[in-house]
Amino acid sequence: MFEGHARKLRSEDTWRAVRRAWESGETAASLAQRFDVGLANLWRRRASEAWRRRDTADPDPEPTEGWDRYARRKQSEFEYQREETRLLAAKLAEAMRGGPLEQVPVWHLGFVLEWRAETLPPETAARDRAWALRHGWTAAFWSETGWLHPLSYLDEVTLQANRDAWRQDAGLPPGAAEGWPC
């Protein structure tokens with residue numbers, strides 16, 4: 001007489017537990033082993049009962065240095081950036097009150113010149129132009145008639161005149177992405 005494998009009958013409570021675990025993200029293979037159910041039966045039920053897994057976001061991968069070192073590094077970067085911003089703000093505020101332009105970082109020079117031209121007395125704008133004419137490329141900030149160009153133009157002149165410095169700041173090695181900055 002032929003004897004086949006004994007059928008495993010599992011209760012509906014067991015299958016509800018399997019379904020909850022599968023929908024929570026557990027693998028079918030681990031559930032088949034844990035609940036002693038056939039993998040083929042599990043897949044058959046999943047299809048016939050339209051089981052759906054919850055959409056879950058991938059967890060944030062742990063940084064290679066670990067969360068504590070990562071947090072320490074991020075705090076150090078934050079404190080450094082905050083100090084840099086404060087120093088920049090102090091230099092810009094001094095220049096915007098009419099102080100010397102020599103300490104204004106190059107990327108902010110056009111903004112400071114425009115602000116001073118719009119806000120401070122005309123004598124300051126005349127001094128600024130005389131100062132800029134001594135520095136070569138900054139002479140392009142003014143038109144032939146002596147009017148300061150718009151800020152977008154000043155930024156473009158600054159970027160083109162200091163292209164190599166920008167590329168170095170951006171981490172672009174010589175020969176790479178030669179079209180940048182545009």
Side-chain angles (χ1 to χ4, degrees), residues 20-27 51-182:
R20 277 192 307 274
W22 186 87
E23 288 178 338
S24 294
E26 196 169 334
T27 66
W51 297 1
R52 298 276 181 246
R53 288 204 171 166
R54 290 186 217 123
D55 290 332
T56 57
D58 289 339
D60 290 331
E62 184 169 345
T64 53
E65 73 255 46
W67 285 115
D68 285 333
R69 282 185 172 170
Y70 174 83
R72 186 179 312 121
R73 180 172 55 85
K74 285 301 191 179
Q75 182 176 354
S76 179
E77 289 171 6
F78 165 77
E79 290 169 354
Y80 178 81
Q81 184 64 40
R82 182 181 60 195
E83 187 60 26
E84 285 288 306
T85 302
R86 288 175 178 172
L87 290 171
L88 173 62
K91 289 297 175 194
L92 294 177
E94 180 184 354
M96 292 167 93
R97 286 191 307 265
L101 293 170
E102 284 79 15
Q103 297 298 313
V104 174
V106 69
W107 306 118
H108 302 288
L109 186 57
F111 171 76
V112 170
L113 288 170
E114 182 187 60
W115 191 91
R116 286 166 59 128
E118 291 175 355
T119 310
L120 299 180
E123 309 79 64
T124 305
R127 266 196 336 268
D128 289 349
R129 185 165 187 239
W131 173 84
L133 291 174
R134 291 188 306 242
H135 292 86
W137 64 270
T138 52
F141 284 177
W142 283 268
S143 69
E144 291 178 13
T145 58
W147 289 99
L148 187 65
H149 287 291
L151 180 58
S152 60
Y153 182 81
L154 304 181
D155 287 341
E156 183 61 31
V157 168
T158 302
L159 188 58
Q160 292 307 315
N162 297 280
R163 183 178 189 279
D164 292 340
W166 181 89
R167 289 179 57 79
Q168 185 176 1
D169 288 351
L172 291 172
E178 282 296 329
W180 293 92
C182 312

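The analysis underlying the following values was restricted to heavy atoms, covering all of them including side chains, and did not include hydrogens, waters or symmetry mates.
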Taking side chain to side chain donor-acceptor pair (under 3.5 Å) as the definition, give me every residue that meets it alongside [X], ordered by chain and number, with sequence neighbours left out.
| X | value |
| --- | --- |
| Q75 | E79 |
| E144 | none |
| S143 | T145 |
| S76 | none |

Closest non-hydrogen atom pair between T138 and H135, with its separation
OG1-CB, 3.4 Å
Any side-chain heavy atom of R73 within less than 4.5 Å of one from E65?
yes
Which residues share a side chain to side chain contact (heavy atoms under 4.5 Å, CB included) with [X], sequence neighbours left out:
| X | result |
| --- | --- |
| W51 | W15, V18, R19, W22, E23, L42, R45, R46, E49 |
| R52 | none |
| Q81 | T85 |
| A21 | E26, L31, R34 |

N/O donor to acceptor pairs below 3.5 angstrom from side-chain atoms of residues 149-157, sequence neighbours left out:
{"residue": "E156", "atom": "OE2", "partner": "Q160", "partner atom": "NE2", "Å": "3.1"}

Cut-off 3.5 Å, no hydrogens considered: what does the side-chain donor-acceptor table look like for residues 161-177, sequence neighbours left out?
{"residue": "N162", "atom": "ND2", "partner": "T158", "partner atom": "O", "Å": "2.9"}
{"residue": "R163", "atom": "NH2", "partner": "E178", "partner atom": "O", "Å": "2.3"}
{"residue": "R163", "atom": "NH2", "partner": "W180", "partner atom": "O", "Å": "3.2"}
{"residue": "R167", "atom": "NH1", "partner": "A176", "partner atom": "O", "Å": "3.4"}
{"residue": "R167", "atom": "NH1", "partner": "A177", "partner atom": "O", "Å": "2.9"}
{"residue": "R167", "atom": "NH1", "partner": "W180", "partner atom": "O", "Å": "2.8"}
{"residue": "R167", "atom": "NH2", "partner": "P173", "partner atom": "O", "Å": "3.2"}
{"residue": "R167", "atom": "NH2", "partner": "A176", "partner atom": "O", "Å": "2.5"}

Name every donor-acceptor pair, under 3.5 Å, that has one atom in a side chain of residues 119-131 and the other anywhere in the protein, sequence neighbours excluded.
{"residue": "T119", "atom": "OG1", "partner": "W115", "partner atom": "O", "Å": "2.8"}
{"residue": "D128", "atom": "OD1", "partner": "R116", "partner atom": "NH2", "Å": "2.7"}
{"residue": "D128", "atom": "OD2", "partner": "R116", "partner atom": "NE", "Å": "3.0"}
{"residue": "W131", "atom": "NE1", "partner": "E102", "partner atom": "OE2", "Å": "2.8"}

Kindly check if the number of other-residue, nucleotide or ligand heavy atoms within 6.0 Å of CZ (R53) is above 12?
yes
Interatomic spacing from CZ in R97 to CG in L92 - rounded to 0.5 Å
11.0 Å
Look up atom CG in L101 and atom CE in M96, then write down how far apart they are to the nearest 0.5 Å.
11.5 Å
Applying ring-ring contact (aromatic ring centres under 6.0 Å, His included) to W137 and not counting sequence neighbours gives F141
